[in-house]
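Every chain is numbered from 1 and lettered A, B, ... according to where its sequence line falls, protein lines coming before strand lines. The analysis underlying the following values was restricted to heavy atoms, covering all of them including side chains, and did not include hydrogens, waters or symmetry mates.
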Amino acid sequence: MIKAILIFNNHGKPRLIRFYQYFAEDMQQQIIRETFHLVSKRDDNVCNFLEGGSLIGGSDYKLIYRHYATLYFVFCVDSSESELGILDLIQVFVETLDKCFENVCELDLIFHMDKVHCILQEVVMGGMVLETNMNEIVAQVEMQNRMEKSEGGLSAAPARAVSAVKNMNLPEMPRNINIGDINIKVPSLSPF
Amino acid sequence: MALKIVKGSIDRMFDKNLQDLVRGIRNHKEDEAKYISICIDEIKSELKQDNIAVKANAVCKLTYLQMLGYDVSWAAFNIVEVMSSSKFTFKRIGYLAASQCFHEGTDVIMLTTNQIRKDLSSPNQYDTGVALTGLSCFVTPDLARDLANDIMTLMSHTKPYIRKKAVLIMYKVFLKYPESLRPAFPRLKEKLEDPDPGVQSAAVNVICELARRNPKNYLSLAPLFFKLMTSSTNNWVLIKIIKLFGALTPLEPRLGKKLIEPLTNLIHSTSAMSLLYECVNTVIAVLISLSSGMPNHSASIQLCVQKLRILIEDSDQNLKYLGLLAMSKILKTHPKSVQSHKDLILQCLDDKDESIRLRALDLLYGMVSKKNLMEIVKKLMLHVDKAEGTTYRDELLTKIIDICSQSNYQYITNFEWYISILVELTRLEGTRHGHLIASQMLDVAIRVKAIRGFAVAQMATLLDNAHLLTGNTQRNGICEVLYAAAWICGEFSEHLEDPKQTLEAMLRPKVATLPGHIQAVYVQNAAKLFATVLRSQESAPEAAQETSQLMIERLPLFVQSANLEVQERASCILQLVKYIQKLQQKDVEVAEEVTALFAGELNPVAPKAQKKVPIPEGLDLDAWINEPPSESESEDEKPKAVFAREEPKHTRSRHTEVDEKELAKRREARKQEQANNPFYIKASPSSQKVYQDAPGVEHIPVVQIDLSVPLKVPGLPLSDQYVKMEEERRQKDKDDKKKKEKKRKREKRGRGRQVDSGPESEEDITPAQQVDIMTEEMPENALPSDDDDKDPNDPHKALDIDLDKPLADSEQLPTRTHRSAEVLKSPGGDGDGETITPEPKKKTRKDKKEKKKVKDKERTRSAEDKKNKKKHKHDPEEEEAKIEEAITLVNAEEAQPTAAADLDFWLTTDAAPSSAQEAVAATIPEVPIEAEPSEVKEVEPEEMKSKHKKKKPKKEKEEMEREKKKKKKRHHHHRSERAETESVQNGTMEEEEEEEEPLPPMSNYGLLAENDYIKMVYDIQGNLQDGSQVVVSIIFQNKTSSVLKSMEFNVLDSLNSKLERPEGASPHDALSVPFQLPPEVSNEARFVFAVQSIVMPQKLKGTLTFIVKTDDSSTHEKLDFKLHFTCTSYLITTPCYSDAYAKLLESGDLKSSSLKLEGVTMPFHHSLARICFHHHFSVVERVDSCASMYSRSIQGHHVCLLVKTADETVSIDAKCDELMLLENVLDEIKQTFSQS
């Protein structure tokens, strides 16, 4: 079982949190802080597994994370999950994001948290791995987006125009936080 | 109205959407909180609007704010509103918000039930999908109960997208509503073979998750998973299954044997590291479960270790980490194979990655031996000095202590060295583990008597240099060791060289800065020291008075302490010393009396001792000690009233007084027991053996490292010195031994024999001290077993449900509709695990099926078989797979009580050719040899049959029967093979077996007839499928040394019972027995009889004719017999559940009778087992000495028994729809008991 999925950036700002076990909001924030503290002080060339992290569970649990450019993707899982399998799943998830957002960057996650959630829901459901085939995930997400579009979406055309106007007087909008080399090599894993 | 809508959409133009909110927050970095509170106000007003789009937008923003840590539960109702929108866009937002912030305590959840149900049955698969996903996050017990049936229906949805989600969510439903597990399980099992890989993977996922918590309930699925494992190519699925097997093997070692080969193949063939790793892990689990005496698996261990080494050597840190992790599992059972990779592991200790270093540390724990302990610890001490970051250093410290203290200090040969290591560790800055070091010091000093002198000297030095430990206020953790030091110096003060000096050190003013509990120990032990000093100064009264004066001067400091404990002890002791001083001034000898104050030795007490004190007989902790307050007083307080009412019950229990004599007797008994117990380590001469004939220790590497120890405590020896000293000592030992060796060799040479002295072994190293390690004390009559500390709140506990039992009516999932349409299953039905689940969509088909069943049950079954078979994908080429298939089939369709037996068979067959048969041959020499050939015969045609089966559905019925025969045969085989599976035939009995003493072997086969040539035993069983047929199984046993052939079997038919002869045969024709009997061989044949009335027992006369063929002649022989059809033989063991049973009894259609058996001496469960076994009953319920039992005749009569026992009398009250049948059955039961 996956107990929690956290995405935060290099400064510990949460970009997506998904707990499969109930924690009150302040506890959630504390877990994020602690996890960030644990993960951020690790070099990039050390292993991706972390034990401990007292808040998120006992000895049966592990933190498995990957660091992409400005973002940390952290999964908290128990011993029924395969460590390397989860690492691969993170990769699948990020690649799916990359496909759905076309060169995903941190900003996409910031402004489209709901969409990221929808994608995640096609990968993991209720703490269990639902689908690992990227094409299948992308297909389902696209079908749902199409449905949304046919309904006119949440903010139909006029609202979007307004939003464009609102954008104009913004100072600079940071655009180029590319997540860089997204295809970080997964060590000798056959494709799932 | 139109205007309102237009106005709404214009308003919306100026509403913030999620993007605007995020942007706004980013632009207000300085006053973020203020900005957000403004936004929340906006959201609140948006939520008040009627426009659902506005609401959805607001809820979407709330979801974002929730992520930032804002509590949004106040909007729960609005979230429900958005969830119930008909537009997918909004629904999705609503469910997302709900999944993020709903939990069991959210009260609006109960409003959602109907909405979710509507969404689940929506024609749009994505509505359903979103609802399932959302539900998976916030399902509550109520939701689970109400929706379980809807979700179960979805498991058979046409779209795989929905199916897989429905399958996955079932796990959550099971957790919240455990009652749903049994009804849903058959379908879940079915999904293991779903054509869609996603659904299959989901089902594997769920079952693995379930099985992980309660593995024993899923053992019967092992064959199915085994098939999946050998056929699946999906690595996710494979990993899950392999992990599952890892959990199952500890329960069933035979499974492990079966697994080794395919797993090894996978290890060799796979390129996926994740899969390889899991395979290795499971192989390790298998090896652990087989650990006892399986020498031929050393290859597997080697393979694992070798693969792990590759992982560890990999540059990828992840693989390195996992390699070490798996290695530590091997270590537990096969330490030798890991120890050879010590170099690699020590190397990992230097890794820059802390996770890896920690893993390597774990491994070290198991790699130490007497030989290398010092070396390893020395290396660790180096790391301690180098380590930056206190957590890692603390970890090192605990590991050093763990390593040294493991298994009762097994590997420590020199305790002086250990003490000095501990002392060195006290120099660690900022460690949190001062108490750990302290407890080690205490433990060693107390339990290793020989070391006390040395320990005391060291501790005295520590006390002397206490300022070094306490100098820095940051190092509070470490001052704990002073606690130990003070206590050791005080308690064992007789070993002190200069007690006076130590006493002074303990009374320094600086001590007052230590924590209170340490000061208290200081004060108390100062008193002990004082006593010792007085004693040593007995001859010098002047000096003694001086000492008293010192105490009187220093103690007032402690009397003023803020700590109560310190104050109290100090003032007590101060008064005492003042009194002593007075006596001294009068020249009274006081030393002896003062010493007497502290006489006696304190023994260590085991930490669990308190828990293990048995509750004395007659002690009732719930009983009132004093009279409870009278009822009238406590009327207004309910709980009290409850107790008061219970009270009379308690007073009845007699309080047996345990008197002194009894106690003394018990104590004596315990001592006796301890003396006889080889595992009780007594405080007697050395427990460690000294082996004489061994060569030296040359190859212990001497690492000369110049340690620059940061802080040197003057006067303390360094542990390094001990390494050297130990080296020398061992060298000397070795030399001594060599001398002896030489002597012996010389002696031996005389006898002309040269004994090769093998490499040095563990035990060769003699300990430096003669060590008595005292055990900790336990209370008298301590209960030996450890009660496991399972968490009672674990939700998985509720899921520990036996899945092999057939479903009862009461277990159906609640449905809202069509309940009346459900066909009430007759109690037990045919109990074959095909459950009728209320399912609206399939209703019509089901109904038809049901009708058919009544008409022609067999055909339905065979049709289903066919269906089943189509689902099983199999290779037509693989014979083996086919057998397995057949077995799986049997497994699925047969009455479930035999599932365990089938698993048994599945497990034994495969191991058969090699180990199992050997084992059988070796362990059970009395196995009748003739069983073997018959088994072989049996298997061969079976394979043929299964081929036929696929082609010719018409033959199905016959096949079924044969299969069943085969199964029975198997039972028979088992029966002859192993006594323990004897009674497997009846599931209920098996259950009993588990809890009570094993039953004596029983057999239903009764003697039919016997002469010099042949012996016939028979058993009659009702035919499950046909109400008018019984099957007579006869085992023919050839008693001669010649071949029996042309056996013909004939029975004189009666009006009621007729032998079924092939079509066209006349009613007087004999049937030929389909085999010959070679010498001394037995085989079984079956004959079907048609019966009309079953209420009466009947006897049929018959004849067997056969030809006895010897080398030179052949004779025609004949044997007459009487077949006895008892009424019992018309009964079929049918499970029944208590509520169905109760209904049956209530119906009032049954006639009753009763029976009393006297002088029954066997235990009650044996009586029950007898009735179950010989008369085909099953136990419905058993309460103490009373049990209700049920059986059904082949013509559908219900037979119910209520069996009670008291004082060697068994009384049976019975009910049945047919009185005659009942009376006959009771008669037969009576006979069974009278035979014993």
Given B:Met67, B:Glu278, B:Gln317, the one with more heavy-atom pairs under 4.5 angstrom with chain A than any other is B:Met67

Max heavy-atom pairs within cutoff under 4.5 Å with chain B, candidates A:Asp78, A:Leu16, A:Leu89, goes to A:Asp78

The salt bridge (Lys or Arg N to Asp or Glu O under 4.0 Å) partners of A:Lys115 (sequence neighbours excluded) come to none

Greatest number of non-hydrogen atom pairs under 4.5 angstrom with chain B, of A:His117, A:Glu136, A:Arg15, falls to A:His117

When the 4.5 angstrom heavy-atom criterion is applied to B:Asn281 and chain A, the contacting part is neither

Is there a donor-acceptor pair under 3.5 Å between the side chain of B:Asn205 and the backbone N or O of A:Val129? yes

(Q) Any salt bridge linking A:Arg42 with B:Asp353? Criterion: basic side-chain nitrogen under 4.0 Å from a carboxylate oxygen. (A) yes

So, the part of B:Lys243 with a heavy atom under 4.5 Å from chain A: the answer is side chain

Honestly, the part of B:Thr233 sitting under 4.5 Å from a heavy atom of chain A is neither

Fill in: Any A:Phe49 side-chain heavy atom under 4.5 Å of B:Leu322 side chain
yes

Ranking B:Tyr126, B:Phe102, B:Tyr277 by heavy-atom pairs under 4.5 Å to chain A gives rank one to B:Tyr126

Bottom line for B:Ile169: the part with an atom under 4.5 Å from chain A's heavy atoms is both

Comparing A:Gln140, A:His112, A:Glu131, A:Lys13 against chain B, the one with the most heavy-atom pairs below 4.5 Å turns out to be A:Gln140

All heavy atoms of B:Ile239 vs all of A:Ser82, minimum pair found to be CG2-CB, 3.5 Å

Comparing B:Lys320, B:Arg92, B:Gln125, B:Glu104 against chain A, the one with the most heavy-atom pairs below 4.5 Å turns out to be B:Arg92

Bottom line for B:Phe138: the part with an atom under 4.5 Å from chain A's heavy atoms is neither

### Task
Tell me, with the steps shown, if B:Lys61 and A:Asp114 meet salt bridge (Lys or Arg N to Asp or Glu O under 4.0 Å).
CA-CA 9 Å; B:Lys61 288 190 276 184; A:Asp114 49 341; over 6 Å; no

Okay, B:Tyr64 and chain A: the region with an atom under 4.5 Å from a heavy atom over there is both

message: We want to know whether A:Glu122 and B:Tyr161 form a side-chain donor-acceptor pair, criterion being a heavy-atom distance below 3.5 angstrom.
response: yes

Exactly one of A:Glu25, A:Gln28, A:Arg18 clears side-chain hydrogen bond (donor to acceptor under 3.5 Å, both in side chains) with B:Gln100, and that residue is A:Arg18

request  = Look only at the side chain of B:Lys352 and the backbone of A:Val46, and say whether a donor-acceptor pair between them is shorter than 3.5 Å.
outcome  = no

Cut-off 4.5 Å, heavy atoms of chain A, and the answer for B:Gln66 is both

Can you check side chain to side chain contact (heavy atoms under 4.5 Å, CB included) on B:His103 and A:Phe23, steps first, answer last? CA-CA 9 Å; B:His103 54 94; A:Phe23 288 104; over 6 Å; no

Between A:Glu151 and B:Lys87 (side chain of the first, backbone of the second, donor and acceptor by atom type, cut-off under 3.5 Å), is there such a pair? no

So, the part of B:Tyr321 with a heavy atom under 4.5 Å from chain A: the answer is side chain

Would you find a donor on one side and an acceptor on the other, under 3.5 Å apart, between the side chain of B:Lys164 and the backbone of A:Leu130? no

Cut-off 4.5 Å, heavy atoms of chain A, and the answer for B:Leu18 is side chain

Cut-off 4.5 Å, heavy atoms of chain A, and the answer for B:Thr63 is both

Looking only at B:Leu132, B:Thr133, B:Leu244, the option with the highest number of non-hydrogen pairs under 4.5 Å against chain A is B:Thr133

### Query
Does the pair B:Lys240 and A:Glu81 meet the rule for a salt bridge (Lys or Arg N to Asp or Glu O under 4.0 Å), with working shown?
CA-CA 8 Å; B:Lys240 283 280 172 191; A:Glu81 300 294 342; 3.4 Å; yes

